[in-house]
There are 2 protein chains.
Amino acid sequence: MEITTTAPILTKGRNPVEPEKLIRREPVDPSAFKRMIRQMGLKVTQQRMAILESLSAGRAHVTAQEVFEMVNAKYPEIGFATVYRFLRKMAEQSMVTEVRMGGLPARYELTPRRHHDHLTCVQCSQIVEFESPQIETLQEMVAKEHNFRLTHHVLELYGICPRCQTE
Amino acid sequence: MEITTTAPILTKGRNPVEPEKLIRREPVDPSAFKRMIRQMGLKVTQQRMAILESLSAGRAHVTAQEVFEMVNAKYPEIGFATVYRFLRKMAEQSMVTEVRMGGLPARYELTPRRHHDHLTCVQCSQIVEFESPQIETLQEMVAKEHNFRLTHHVLELYGICPRCQTE
DNA sequence: GAGTAACTGATAACGATTGTCAATTCAGTT
DNA sequence: AACTGAATTGACAATCGTTATCAGTTACTC
């Protein structure tokens, strides 16, 4: 593979922004990405840097395909297998969080500092994040009751968002 | 329907069996199945009767493939497309409940009278059912806060079961 | 019992994801 | 800076679970 030809890999442009789901993560400098990758015990490659770049710049809850397209727009030489592989590796190490809704393709987000769950509109797919420490606590209690050691959980609420209700 | 002579294509599924998750549903007589099917606005066919029969006799949380294999053992003429189609139709009408864990094949159970969620062992796949009205209530509150009209939810807890912890 | 729409089985097609493998690149070592 | 082994890559094939297609069959209304 070759990413030779042009300029530094990190040409700092801006990415198209979705109307409502705005960028909401703090800017991350390249050395932070490198640290992340090394922390996972992996080699720092240009493709992985590019993937992290796109992932952190774009909106949250993207599919692997969407990540691939973002990356591919900037670096057409990068193949989708690389994107899938890296996402999987990161998911294994909890560097990204995988959210699966029904039979739809998995969506990923860089694991947020604060844990949260999702409230999804079944009509327009809008995703609202929420936190409920009370629910978390109850979950722990349920696990304890059955003598399970809890590793993680999936809580997805589905409904109709305010806007879709009026239509 | 015609009894063909050719052997059916059996794509052998090899999912781990839950040793302790035994039959736990009350016996259902055929006329009840017929009623169920008619209630969905569908025609009563031998295949659908066979599928319901297997579904209610076997253990809970089975994959479509497993349902197919159960049905197929008794009625080799029934194709898997029929099983998938009927399961989907029943899921649409909430006659069966679909549970998806990670990227694994969907698992089905006849919709239980009482709503419950699942606690799954990440090592041996054992599934424990639990109810938590308190969590349900909190979910309603979260939805209300965001002005969503809740349609359903997915709550899956993952952990390590007591037995796997000792190993 | 006839008519018709619903249903069926076989098979092809599908989309998401994973495996394969030769070629390339990274990251330590001279 | 060049050397080297192992990790990584891109292209593509393969696999998975699931769905669509379609000609032939069946259940239900009259």
Side-chain angles (χ1 to χ4, degrees), chain A residues 1-5 9 33-35 37-38 40-52 62-69 71-72 75-92 96 98-108, chain B residues 1-15 30 33-35 37-52 62-69 71-72 75-93 96 98-108:
Chain A
M1 191 215 62
E2 271 192 356
I3 300 198
T4 57
T5 48
I9 286 296
F33 291 150
K34 288 187 183 168
R35 242 181 291 121
I37 297 173
R38 293 219 174 84
M40 289 188 274
L42 302 174
K43 288 188 175 176
V44 175
T45 65
Q46 307 185 67
Q47 343 349 39
R48 283 171 178 165
M49 291 298 283
I51 292 168
L52 278 177
V62 284
T63 64
Q65 269 303 325
E66 285 166 352
V67 176
F68 167 67
E69 281 159 29
V71 171
N72 196 258
Y75 311 100
E77 332 71 50
I78 297 181
F80 68 86
T82 303
V83 174
Y84 268 94
R85 269 187 298 234
F86 189 42
L87 283 174
R88 180 163 26 116
K89 273 236 158 77
M90 289 201 289
E92 276 166 18
V96 300
E98 207 182 75
V99 178
R100 299 197 186 242
M101 317 191 292
L104 300 168
R107 290 183 172 272
Y108 299 89
Chain B
M1 190 192 60
E2 190 197 322
I3 312 287
T4 56
T5 47
T6 44
I9 305 157
L10 260 195
T11 33
K12 252 301 170 237
R14 54 202 95 44
N15 298 60
F33 291 150
K34 288 186 184 169
R35 242 180 291 122
I37 297 172
R38 293 219 172 84
Q39 199 187 321
M40 290 188 273
L42 301 174
K43 288 187 176 177
V44 175
T45 65
Q46 306 181 58
Q47 321 27 12
R48 283 170 178 168
M49 290 299 283
I51 292 168
L52 278 177
V62 285
T63 64
Q65 270 301 324
E66 286 166 352
V67 175
F68 167 66
E69 281 160 28
V71 171
N72 197 259
Y75 310 98
E77 334 73 50
I78 297 181
F80 69 84
T82 305
V83 175
Y84 268 93
R85 267 187 300 235
F86 190 41
L87 283 174
R88 181 165 24 119
K89 273 236 157 78
M90 287 201 289
E92 277 166 18
Q93 313 237 0
V96 300
E98 210 184 5
V99 178
R100 298 195 188 241
M101 318 192 292
L104 301 167
R107 288 181 174 273
Y108 298 90

S.K.: Give the C-alpha distance, both sets of side-chain angles, the deciding distance and a yes or no for side chain to side chain contact (heavy atoms under 4.5 Å, CB included) between Met40(B) and Met90(B).
M.R.: CA-CA 8 Å; Met40(B) 290 188 273; Met90(B) 287 201 289; 3.7 Å; yes
S.K.: Using whole Å, report how far CG of Leu87(A) lies from P of dT9(D).
M.R.: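 The distance from CG of Leu87(A) to P of dT9(D) comes to 12 Å, rounded to the nearest Å.
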S.K.: Tell me: CD of Glu77(A) to P of dT25(C), nearest whole Å?
M.R.: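 Answer to the nearest Å: 11 Å.
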S.K.: How many Å lie between CG on Asn72(B) and P on dT8(C), as a whole number?
M.R.: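 In whole Å, dT8(C) P lies 15 Å from Asn72(B) CG.
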S.K.: Starting at atom CD1 of Ile78(A), determine the distance to atom P of dC12(D), rounded to an integer number of angstrom.
M.R.: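 Checked: the CD1 to P distance equals 17 Å.
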S.K.: Specify the residue among Val44(B) and Thr45(A) whose closest nucleotide of DNA chain D lies further upstream toward the 5′ end.
M.R.: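 Whichever sits nearer the 5' end wins; that is Thr45(A).
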S.K.: Applying side chain to side chain contact (heavy atoms under 4.5 Å, CB included), run through Arg48(A) and Lys43(A) and close with a yes or a no.
M.R.: CA-CA 9 Å; Arg48(A) 283 171 178 165; Lys43(A) 288 188 175 176; 4.2 Å; yes
S.K.: Could you tell me whether a side-chain N or O of Asn72(A) sits under 3.5 Å from a main-chain N or O of Glu77(A), the two making a donor and an acceptor?
M.R.: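 Pair absent, no side-chain N/O of Asn72(A) close to backbone of Glu77(A).
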S.K.: Go through the steps to decide whether Phe86(A) and Ile37(A) satisfy the test side chain to side chain contact (heavy atoms under 4.5 Å, CB included), and finish with yes or no.
M.R.: CA-CA 10 Å; Phe86(A) 189 42; Ile37(A) 297 173; 4.2 Å; yes
S.K.: Between atom OG1 of Thr63(B) and atom CG of Leu104(B), what is the distance when rounded to the nearest 0.5 Å?
M.R.: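 So the OG1 of Thr63(B) and the CG of Leu104(B) are separated by 10.5 Å.
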S.K.: State, yes or no, whether a side-chain contact exists between Arg85(B) and Phe80(B) at a heavy-atom distance under 4.5 Å.
M.R.: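 The answer is no; the side chains never approach within 4.5 Å.
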S.K.: Strictly below 4.0 Å: does Gln46(A) bring a side-chain N or O up to OP1 or OP2 of dT8(D)?
M.R.: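 Result: no.
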S.K.: Within the pair Arg85(A) and dT18(C), is there a side-chain N or O less than 4.0 Å away from OP1 or OP2?
M.R.: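 The answer is no; no side-chain N or O of Arg85(A) sits under 4.0 Å from OP1 or OP2.
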S.K.: Which nucleotide in the set dA27(C), dT9(D), dG9(C) lies at the smallest distance from any side-chain heavy atom of Arg38(A)?
M.R.: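 Nearest nucleotide to the side chain: dA27(C).
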S.K.: Could you go through Glu66(B) and Arg107(B), starting from their C-alpha distance and side-chain angles, then the distance that decides it, and tell me whether this counts as salt bridge (charged side-chain N to carboxylate O under 4.0 Å, His left out)?
M.R.: CA-CA 9 Å; Glu66(B) 286 166 352; Arg107(B) 288 181 174 273; 3.6 Å; yes
S.K.: Hey, is the side chain of Gln47(B) poking within less than 4.0 Å of OP1 or OP2 on dG9(C), counting only N and O atoms?
M.R.: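 For dG9(C), OP1 or OP2 has a side-chain N or O of Gln47(B) closer than 4.0 Å.
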S.K.: List every contact pair, protein side and nucleotides 15-17 of chain C side both N or O, where the distance is under 3.5 Å.
M.R.:
unit_1, atom_1, unit_2, atom_2, d
dT17(C), OP1, Ala106(A), N, 3.1
dT17(C), OP2, Tyr84(A), OH, 3.0

S.K.: Calculate the interatomic distance between Met90(A) atom CE and dT8(D) atom P; express it in whole Å.
M.R.: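 Taking CE of Met90(A) and P of dT8(D), I get 13 Å after rounding.
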S.K.: dA5(C), dC12(D), dT8(C): which one has an atom nearest the side-chain heavy atoms of Lys43(B)?
M.R.: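 The answer is dA5(C).
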S.K.: In whole Å, what is the span from the CE atom of Met40(B) to the P atom of dA27(D)?
M.R.: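 Interatomic distance, CE of Met40(B) to P of dA27(D): 17 Å.
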S.K.: Identify, between Leu42(B) and Gly79(A), the residue whose nearest nucleotide on DNA chain D lies closer to the 5' end.
M.R.: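 With Leu42(B) and Gly79(A) compared, the 5'-side residue is Gly79(A).
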S.K.: Nearest whole angstrom, please: distance from the P of dT8(D) to the CE of Met49(A).
M.R.: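 Rounding to the nearest Å, CE of Met49(A) and P of dT8(D) are 15 Å apart.
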